[in-house]
There are 2 protein chains.
Amino acid sequence: MNRLSAHDERLPLYQRLRDDLLQRIASGEWAPGAAIPTEAELTQAYGLATGTVRKAIDMLVAEGVLVRAQGKGTFVRRPDFGNSLFRFFRFRSRAGSDVRPSARVLSRALRVPPADVRQALGMGDEAMGIYLSRLRLIDDQPVLAEDIWLPRERFEPLVEIKLKDFPDLLYPLYETSCRQLVASARERLTVESAGKAIADRLSLAPGAPVIAVQRLAFDFAGTPVEWRCTRGAGDGFQYEVDIR
Amino acid sequence: MNRLSAHDERLPLYQRLRDDLLQRIASGEWAPGAAIPTEAELTQAYGLATGTVRKAIDMLVAEGVLVRAQGKGTFVRRPDFGNSLFRFFRFRSRAGSDVRPSARVLSRALRVPPADVRQALGMGDEAMGIYLSRLRLIDDQPVLAEDIWLPRERFEPLVEIKLKDFPDLLYPLYETSCRQLVASARERLTVESAGKAIADRLSLAPGAPVIAVQRLAFDFAGTPVEWRCTRGAGDGFQYEVDIR
DNA sequence: CAGTGGTCTAGACCACATG
DNA sequence: ATGTGGTCTAGACCACTGT
């Protein structure tokens with residue numbers, strides 16, 4: 001006898017357990033960084049064999065939702081925004097180590113987003129969005145220009161924050177102020193020639209190669225929560241992938 | 001009692017079995033597309049439990065080395081060079097479907113490769129390489145320029161082939177002529193402005209944005225076998241990734 | 001039908017982390 | 001010493017494929 005919701009009897013038990021655990025994580029029952037019940041407790045609670053429970057957890061580990069720690073437990077993964085969601089642009093200090101640029105919010109607006117953004121975020125035709133224009137700098141030199149759209153409904157608290165009080169990293173702010181967790185993202189990379197507006201913002205020669213990274217960020221449930229487009233000089237840009 | 005080579009007693013059995021299977025695949029005992037022994041046969045031959053054998057196979061499936069087919073067997077994966085190793089540049093015909101450009105080998109040379117290529121390929125300071133300069137075209141318009149380096153030792157048969165007889169896809173040729181299998185690759189992407197040489201080869205304006213993809217291809221054993229740099233117009237270039 | 005991989009069980013024992 | 005995840009066993013039964 002098990003206690004899995006019967007949302008689809010045909011699915012394997014480990015699959016249904018995985019879905020159930022993911023739903024409980026998405027619902028906030030276990031916060032990022034917190035431990036989920038032990039394998040023994042889960043086998044008890046759901047009335048399954050250890051191998052089945054392990055397989056469900058294996059899947060969530062492979063998906064990057066959970067992390068195991070031998071002898072300690074299994075934990076909801078806290079995405080590290082320092083690197084994993086910041087892959088495309090890398091900057092190095094003069095010393096050679098990686099550097100994270102600081103950020104400055106230039107402006108904020110409340111508007112209905114353009115059609116492509118509304119569609120990407122699954123927003124209705126008249127739903128309000130929050131727009132942020134941001135600059136990222138190293139040693140006070142602008143290196144990246146960002147356009148960000150958020151659905152107002154989920155991010156209302158951001159309307160009140162003073163522009164100068166926005167931190168360098170937005171995702172932790174989303175988490176603490178709006179209880180919105182970014183769990184994954186999809187990025188699309190293209191090359192442009194700098195138009196006048198971008199050339200001005202990034203102190204580039206007009207026509208210089210520019211990399212544009214368009215990112216759609218999702219929560220644990222797979223709902224898109226943020227649309228973002230980041231532009232930077234193509235110069236010095238580098239990206240690496242492994243293919244199998 | 002099992003029959004695993006004792007190359008490291010401390011490793012888990014499934015790990016050692018995985019290594020052993022991979023070694024047998026790399027040695028050519030089972031060609032790409034061929035079936036490996038059934039799970040039952042492997043449990044017998046190695047004297048292991050089914051779960052342990054399954055875990056070893058699971059790993060190789062996750063690594064893209066094997067594919068399972070329920071009711072049929074488990075097979076050595078034949079990489080499809082049509083898409084998986086050809087991710088960065090996408091071209092669309094006027095009709096809208098994806099198009100694979102044709103290829104023309106412009107020149108071939110036998111030389112000691114530059115130091116960075118030698119190092120990437122793990123070649124000695126005086127080891128000979130085969131250099132190929134290739135152009136890829138759509139409707140007879142050049143769209144990509146490729147520089148390719150191969151260790152001569154492994155690819156001797158290519159020295160004899162007439163330039164006009166090189167096929168569009170090199171990896172199947174490597175497999176049939178030189179028995180060199182490409183199993184995975186690492187690509188590094190950067191942006192350049194077109195210099196005169198590249199601008200000429202690709203019919204671009206000098207200074208136009210160019211994407212350079214530097215690829216290092218590996219066989220099943222993880223040995224680098226090919227170094228390649230592909231350049232194309234930044235215009236219309238697009239790349240998409242999912243991040244977790 | 002026989003043979004394959006896919007799912008699942010009910011444990012035992014080991015390695016690691018912590019008090 | 002206790003509790004955690006990690007490894008491994010020796011099966012049973014199911015679902016799919018091809019004869």
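Within every chain, numbering begins at 1; the chains are lettered A, B, ... in the order of the sequence lines, protein sequences first and strands thereafter.
Under 4.0 Å is where a charged nitrogen must lie from a carboxylate oxygen, and between B:E175 and B:R179 no such pair does. Ion pairing between B:E146 and B:R215 fails under the 4.0 Å rule for side-chain N and carboxylate O.
Comparing atom distances between the B:T74 side chain and each of C:dG5, C:dT7, D:dC8 picks out C:dG5 as nearest. Proximity note for B:Y14 (side chain, C-beta onward) versus D:dC8, C:dT7, C:dT9: the nearest is D:dC8. Candidate nucleotides C:dT7, C:dA10, C:dG5 were compared by shortest atom distance to the side chain of A:A49, and C:dA10 ranks first. Nearest to the side-chain atoms of B:L13 among the listed nucleotides D:dA15, D:dG6, D:dT9 stands D:dT9.
For C:dG6, the OP1/OP2 oxygens have a side-chain nitrogen or oxygen of B:R54 closer than 4.0 Å. Residue A:K55 places none of its side-chain N or O atoms closer than 4.0 Å to OP1 or OP2 of C:dC8. Taking only side-chain nitrogens and oxygens, A:K72 never comes nearer than 4.0 Å to OP1 or OP2 of D:dG5. Contact between the side-chain N/O atoms of B:T50 and the OP1/OP2 oxygens of D:dT9 is not found at any separation under 4.0 Å.
Per the geometry, CZ belonging to B:R16 stands 16 Å off C1' belonging to D:dG6, to the nearest Å. Taking atom CD on B:Q44 and atom P on D:dA10, their separation rounds to 12 Å, with Å as the unit. Taking atom CD of A:E39 as the reference point, atom P of C:dA12 lies 16 Å away to the nearest angstrom.
Across all strands, B:A69 comes closer than 4.0 Å only to sugar-phosphate atoms, never to a base (heavy-atom distances).
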